[in-house]
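Each remark here refers to the structure printed beneath this line.
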Amino acid sequence: CQLQNKISDCSFYNSEITNKMIMEQKLCSLFDDSIKNNDFHVYIQPKINLKNSETGGAEALVRWFHPDRGIIYPSDFIPLFERNGNIIQLDLYVFEKVCEYQKQRIDSGKKLFTISVNLSRVHFRNLNYLRPFIELKNKYNIPDGVIELELTESIFFDNQQIELVKNAINQMHSYGFLCSLDDFGVGFSSLGLLKEFNVDAIKLDRKFFEDITNSKSQNIIISFIDLAKRLNIHVVAEGIETSEQLNFLKSVNCDMVQGYIFSKPLPLNEFEKWADSRENKCDDSLVYN
Ligand code: C2E
Ligand code: MG
Ligand code: MG
Ligand code: MG
């Protein structure tokens, strides 16, 4: 009987895996059509500068509007597209939408703030990966300093990439992009890498803020902020939802906060309204000051 249970467990497990694979294949086969039909939508979430409570920047986050399944979140498709390589095209698509949006703000005389775009580590397999981004930046006449590229720590999983990434970051800067390290502190990077990498900001992962009243958590956050400040790197706290978290971060001089407490990621037109309603509160600085 026990054996029979195991066998049925096993076939259940197998069919679950098979179903998952079939679903993933279906999703992958929709990619080209979805790009053509504009079924990928760029959402924008603001980052608030804690020194003056103004919009200090924003992040572009992609959502997929599936014809039958409705909205699909990045965690359900980014890993697939990292495996089959479609992520390169998808990141460029998101990047272009951000260029279009910034261009629109420039043309209508609105104040600009830096918008960041997530860049998968897959790009780094190609030495010329930055070329299409530079071409789009030129095509839309985007000034320097208003687009930031976010890299996750997972790019350092492979130590051999360190030299490559170091050069890539320097190259980003020379073409007028800012660069930040996403999900900082939970992945593979060591603090020492901050010496090698000339990044403008680190984004502390929201895990650090989950138990904000815990004194160990507090000391870790304080130490990260202190270290970053000594290295002249800005700190963005991610996933901030509560006033306890916000008040603590203010009290320890964190630079910026991103999280539901201010706004969820919004579709471009809604974000535009949100930003406009705060515009008279915005300062002139494009980058973190
Ligand atoms: P990320 O870059 O670290 O983005 C932050 C994630 O936290 C986003 O999830 C955002 O919606 C979510 N978030 C923001 N504020 C809060 C909060 O207060 N509470 C909670 N619980 N969550 C919050 P999302 O949009 O589902 O994206 C997940 C991840 O997928 C991103 O993490 C990023 O790594 C990746 N991703 C999203 N868009 C793109 C893209 O265009 N290209 C690439 N390569 N990756 C992307
Ligand atoms: Mg990010
Ligand atoms: Mg993050
Ligand atoms: Mg993440």
Side-chain angles (χ1 to χ4, degrees), residues 30-49 54-67 69-78 81 86-120 132-133 135-150 176-178 180 182 201 203 236 238-240 256-283 285-287:
L30 278 173
F31 181 81
D32 288 340
D33 280 345
S34 292
I35 285 273
K36 259 188 242 126
N37 299 337
N38 283 315
D39 287 340
F40 290 102
H41 293 212
V42 175
Y43 276 46
I44 306 267
Q45 186 180 35
K47 300 176 194 170
I48 304 301
N49 180 334
E54 290 166 2
T55 310
E59 176 174 16
L61 296 156
V62 70
R63 272 95 185 87
W64 191 0
F65 283 70
H66 188 279
R69 285 177 51 185
I71 189 164
I72 312 180
Y73 288 89
S75 56
D76 288 331
F77 59 86
I78 298 277
F81 296 150
N86 283 338
I87 192 71
I88 305 271
Q89 204 185 337
L90 183 61
D91 283 353
L92 268 167
Y93 177 89
V94 172
F95 181 87
E96 180 157 14
K97 293 284 173 204
V98 168
C99 289
E100 272 173 21
Y101 178 67
Q102 291 288 44
K103 177 84 173 68
Q104 219 175 290
R105 283 191 73 88
I106 293 169
D107 290 347
S108 50
K110 289 185 175 167
K111 278 177 183 162
L112 294 178
F113 36 77
T114 306
I115 301 185
S116 58
V117 175
N118 292 281
L119 219 62
S120 165
F133 292 95
E135 278 163 12
L136 286 172
K137 179 172 176 272
N138 291 339
K139 176 180 163 191
Y140 289 91
N141 254 322
I142 302 298
D144 289 353
V146 300
I147 298 190
E148 179 174 81
L149 302 173
E150 291 192 7
F177 297 108
L178 300 178
S180 63
D182 204 355
K203 300 187 75 181
V236 182
E238 281 197 297
I240 302 309
M256 291 225 217
V257 156
Q258 180 179 348
Y260 297 165
I261 189 163
F262 289 112
S263 170
K264 292 200 164 188
L266 299 171
L268 277 171
N269 58 343
E270 279 179 43
F271 175 77
E272 182 69 357
K273 277 187 221 140
W274 187 93
D276 281 351
S277 71
R278 292 175 63 99
E279 174 132 339
N280 46 4
K281 291 194 229 154
C282 279
D283 69 356
S285 57
L286 297 179
V287 292

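The basis for the numbers below is simple: all heavy atoms, side chains too, and nothing from hydrogens, waters or symmetry mates.
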### Task
Could you tell me which non-hydrogen atom of Ala60 sits nearest to which non-hydrogen atom of Val98, and how far apart they are?
CB-CG2, 3.6 Å
### Task
Apply side chain to side chain contact (heavy atoms under 4.5 Å, CB included) to Arg63 and Tyr73, showing your working.
CA-CA 5 Å; Arg63 272 95 185 87; Tyr73 288 89; 4.0 Å; yes
## Note on the structure
For Tyr101, the ring-ring contact (aromatic ring centres under 6.0 Å, His included) test, sequence neighbours excluded, returns none
### Summary
Value for CD1 (Ile115) from CD (Glu59), rounded to nearest 0.5 Å, stands at 11.0 Å
### Message
Is there a side chain to side chain contact (heavy atoms under 4.5 Å, CB included) between Trp64 and Asp76? Walk through the geometry before answering.
### Response
CA-CA 10 Å; Trp64 191 0; Asp76 288 331; over 6 Å; no
### Query
Going by heavy atoms in the side chains, are Phe262 and Thr55 under 4.5 Å from each other?
no
### Message
Using only atom types and a distance under 3.5 Å, with no angle test, would you say the side chain of Gln102 pairs donor to acceptor with the backbone of Val146?
### Response
yes
#### Entry: Side-chain touch Ile147/Cys99, heavy atoms, less than 4.5 angstrom
yes
#### Entry: Gap separating the CH2 atom of Trp274 from the CD atom of Glu270, nearest 0.5 angstrom
13.0 Å
### Query
CZ/Phe77 to CG/Leu30 distance, rounded to the nearest 0.5 angstrom?
12.5 Å
### Sub-6.0 Å ring centroid separation between Phe31 and Phe81
yes
### Partners meeting side-chain hydrogen bond (donor to acceptor under 3.5 Å, both in side chains) with Glu96 (sequence neighbours left out)
Lys139, Tyr140
### Task
Check step by step if side chain to side chain contact (heavy atoms under 4.5 Å, CB included) holds for Asp144 and Lys137.
CA-CA 9 Å; Asp144 289 353; Lys137 179 172 176 272; 2.6 Å; yes
#### Entry: For the student: nearest non-hydrogen atoms of Phe133 and Asp91, plus distance
CE2-O, 4.3 Å
### Query
Is the shortest side-chain N to carboxylate O distance from Glu148 to Lys47 below 4.0 Å?
yes
### Query
How many angstroms lie between CZ in Phe177 and CG in Leu119, if you round to the nearest 0.5 Å?
9.5 Å
### Message
Give me the atom names and distance for the closest heavy-atom approach of Glu150 to Ser116.
### Response
OE2-OG, 2.7 Å
### Task
Evaluate the criterion side chain to side chain contact (heavy atoms under 4.5 Å, CB included) for residue pair Lys111 and Glu54; output intermediate values, then yes/no.
CA-CA 12 Å; Lys111 278 177 183 162; Glu54 290 166 2; over 6 Å; no
### Ion pair check, Lys36 and Asp32, cut-off under 4.0 Å
no
### Message
Please report the interatomic distance CG(Asn118) to CD1(Ile87), rounded to the nearest 0.5 Å.
### Response
9.0 Å
### Message
Please check this pair: side chain of Gln45 against backbone of Ser263, looking for a donor-acceptor N/O pair closer than 3.5 Å.
### Response
yes
### Query
Hey, is the main chain of Ile88 close enough, under 3.5 Å, to the side chain of Ser120 for a donor-acceptor pair?
no
### Query
Knowing that exactly one of Arg105, Lys110, Lys103 qualifies, which makes a side-chain hydrogen bond (donor to acceptor under 3.5 Å, both in side chains) with Asp107?
Lys103
#### Entry: With sequence neighbours excluded, residues passing side-chain hydrogen bond (donor to acceptor under 3.5 Å, both in side chains) with Asn269
none
### Task
Please report the shortest heavy-atom distance between Leu178 and Gly145, naming the atom on each side.
CD1-O, 3.7 Å
## Note on the structure
Taken in chain and number order and not counting sequence neighbours, the residues that satisfy ring-ring contact (aromatic ring centres under 6.0 Å, His included) with Tyr43 are none
### Query
Who pairs with His41 by ring-ring contact (aromatic ring centres under 6.0 Å, His included), at least two apart in sequence or on another chain?
Phe65
### Query
Should the pair Asp276-Lys273 be classified as a salt bridge under the 4.0 Å nitrogen-to-oxygen rule?
no
### Message
Measuring from atom CD1 of Ile72 to atom CD1 of Ile78, what distance do you get when rounded to the nearest 0.5 angstrom?
### Response
11.5 Å
### Minimum-distance pair of heavy atoms, taken over all atoms of Asn141 and Ile106
O-CD1, 4.4 Å
### Query
Quick one: side-chain hydrogen bond (donor to acceptor under 3.5 Å, both in side chains) partners of Lys97, sequence neighbours excluded?
none
